[in-house]
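The next block holds one structure in the form of structure tokens; read it before the comments.
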Amino acid sequence: MTTQPSLSNWLSILTLGVIWGGTFMVVAIALEGYGPLTVACARTSLGAVALLVLMRVMRRPLPVFTRTMVKYLLVIGLLNTAVPFALLSWGQQYVPSAFAGISMAVLPLFVLPLAHVFTDEKMNLRNGLGVTLGFIGALVLIGPGVLRIGTGIEPLGQIACILAALSYAISAIMTRRCPPIDPITMAALLLVVGASALIPAMLLIEGVPQATDQRTVIAIILLGFVPTALAALIRVLVIRSAGSIFMTLVNYQVPVWSMIFGAIVLNEDLPIRFFTALALILCGLLISQWNSLRKLAFK
């Protein structure tokens, strides 16, 4: 049973926004010394170890591994960790970290039409307007790059980031349909699935990783423990104490923090279309989630 969000809840949601918004900056730093598959693999592997330890400490139960449960865990694990982590790492070699962060704001807008088709959560006119406005923002974000596909790598990097958001959205729908399972346990098992897919891919394509400079080593370690294990724990605590509707507020923060970190720490050039796209996407989110936000405001 959830209650009115406390000061601790608000600080937690702010912390999650900073953590997830700063993840793209940390990925960009890690890519200075490692290949994209190595970065994605380290994030899943270290995160899996941390969450498995957390499971043991918190005495979280393992699920009954029925055929249905295994199928969902395998598919969701690939679509929620291995695929998007690899796509984002590869794409961020060619696009600013701020671009990757803004592209993740499209994720909830992908979820709505997918939920309309595959679940009993149907869209209404307001949702449709919000999704349309958000997708216009995504097109503005990509800009003229979409017309240059086949002429360079940057447009493909942009598309990779958008596809990562789509992969997350599909995994979110699958998660809603998944049999009941403890959230910490599920997060740990999904990372185990992702690591199991990425480790052989990394070894085959990029080989055994070697220690590079201290900056990139720290970055790759942070990726494994902070935006995965720590953030997963904070997320569960927030949802349990303040509700899933309150948790949606993090969606509005992530792209903003990604732009702040990209500009200040990485000295990235942020073209005006980034700000225009962000405004359109956030307006689309606001319109599409209006009922949920209104319930939160008058809770």
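The first residue of the sequence shown is numbered 1, and numbering continues consecutively from there. Remember, predicted model here, so these are calculated numbers, not experimental data.
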Problem set entry | Intermediate values then yes/no, side-chain contact (heavy atoms from CB on, under 4.5 Å), R43 and T23 | CA-CA 11 Å; R43 181 175 179 183; T23 298; 3.6 Å; yes
Exercise. Is it true that F65 and V75 fall in one hydrophobic cluster, defined by side-chain heavy atoms closer than 4.5 Å?
Worked result: yes
Problem set entry | Aromatic ring proximity F24/W20, centre distance under 6.0 Å | no
Exercise. With a 3.5 Å cut-off and no angle check, do the side chains of S97 and Q92 form a donor-acceptor pair?
Worked result: no
Problem set entry | Aromatic ring pairing F85/Y168, orientation class (parallel under 30°, perpendicular over 60°, tilted between) | perpendicular
Problem set entry | I170-V117 co-clustered via ILVMFWY side chain contacts under 4.5 Å | yes
Exercise. How far does CD1 of I136 sit from CG of L133, to the nearest 0.5 angstrom?
Worked result: 6.0 Å
Exercise. If every non-hydrogen atom of P63 is compared with every non-hydrogen atom of T185, which pair is closest and at what distance?
Worked result: CD-CG2, 3.8 Å
Problem set entry | L51-L198 co-clustered via ILVMFWY side chain contacts under 4.5 Å | no
For this session: Indicate whether any N or O donor in one side chain lies under 3.5 Å from an N or O acceptor in the other, for E32 and T216.
Result: no
For this session: Begin from the C-alpha positions of L88 and V27 and carry the test side-chain contact (heavy atoms from CB on, under 4.5 Å) through to its verdict.
Result: CA-CA 9 Å; L88 284 170; V27 168; 5.9 Å; no
For this session: First locate atom CD1 of I281, then atom OG1 of T276, and finally report the distance between them rounded to the nearest 0.5 Å.
Result: 10.5 Å
For this session: Identify the heavy atoms of T212 and G33 that sit nearest to each other, and give their distance.
Result: CG2-O, 3.3 Å
Problem set entry | Residue pair L282 / L286, side-chain heavy-atom distance below 4.5 Å | no
Seminar exercise, completed: Rounded to the nearest 0.5 Å, the CG atom of L79 sits from the OG atom of S171 at a distance of 6.0 Å
For this session: Answer yes or no: is there a donor N or O on one side and an acceptor on the other, between the side chain of S89 and the main chain of A86, under 3.5 Å?
Result: no
Contacts table for residues 224-237: side-chain donor-acceptor under 3.5 angstrom, sequence neighbours left out:
from: T228; atom 1: OG1; to: G224; atom 2: O; distance (Å): 2.1

Exercise. For F135 and L109, what are the C-alpha separation, side-chain angles and deciding distance, and is it a side-chain contact (heavy atoms from CB on, under 4.5 Å)?
Worked result: CA-CA 8 Å; F135 284 157; L109 302 174; 4.2 Å; yes
Exercise. Are the side chains of C161 and L87 in touch, meaning some heavy atoms are under 4.5 Å apart?
Worked result: no
Exercise. Taking side chain as C-beta onward, heavy atoms only, is L46 less than 4.5 Å from L223?
Worked result: no
Exercise. Any chain of hydrophobic side-chain contacts (each under 4.5 Å) joining L37 to I220?
Worked result: no
Exercise. Can I162 and F110 be said to form a side-chain contact (heavy atoms from CB on, under 4.5 Å), step by step?
Worked result: CA-CA 10 Å; I162 299 297; F110 275 134; 4.0 Å; yes
Problem set entry | Backbone N/O of S288 and side chain of R126: donor-acceptor pair under 3.5 Å | no
Problem set entry | Within-4.5 Å side-chain heavy-atom neighbours: P113 and V131 | yes
For this session: Kindly indicate whether the side chain of I181, heavy atoms from C-beta on, has any atom under 4.5 Å from the side chain of P61.
Result: no
Seminar exercise, completed: Between the OH atom in Y72 and the CE atom in M174, the distance rounded to the nearest 0.5 Å is 5.5 Å
For this session: Working to the nearest 0.5 Å, report the span between CG of L189 and CE of M69.
Result: 9.0 Å
For this session: Answer yes or no: is there a donor N or O on one side and an acceptor on the other, between the side chain of N127 and the main chain of N124, under 3.5 Å?
Result: yes
For this session: Using the rule that two of Ile, Leu, Val, Met, Phe, Trp, Tyr join whenever any of their side-chain heavy atoms come within less than 4.5 Å, decide whether I264 and L222 are in one cluster.
Result: yes
Exercise. Do other residues, nucleotides or ligands put more than 12 heavy atoms under 6.0 Å from the CZ atom of R177?
Worked result: no
Problem set entry | Side chain proximity check, S8 to S12, heavy atoms < 4.5 angstrom | yes
Problem set entry | Side chains of F275 and L270 in contact at under 4.5 Å (non-hydrogen atoms) | yes
For this session: Enter the distance from L129:CG to T132:OG1 here, rounded to the nearest 0.5 Å.
Result: 6.5 Å
Exercise. E268 side chain to A263 main-chain N or O, any donor-acceptor pair under 3.5 Å?
Worked result: no
Exercise. Is there a donor-acceptor pair closer than 3.5 Å between any side-chain N or O of T38 and the backbone N or O of Y34?
Worked result: no
Problem set entry | A164 backbone acceptor or donor facing S167 side chain under 3.5 Å | no
Exercise. Between L78 and A197, what is the shortest heavy-atom contact and its length?
Worked result: CD2-CB, 3.7 Å
Problem set entry | 4.5 Å side-chain heavy-atom contact, L107 and N251 | no
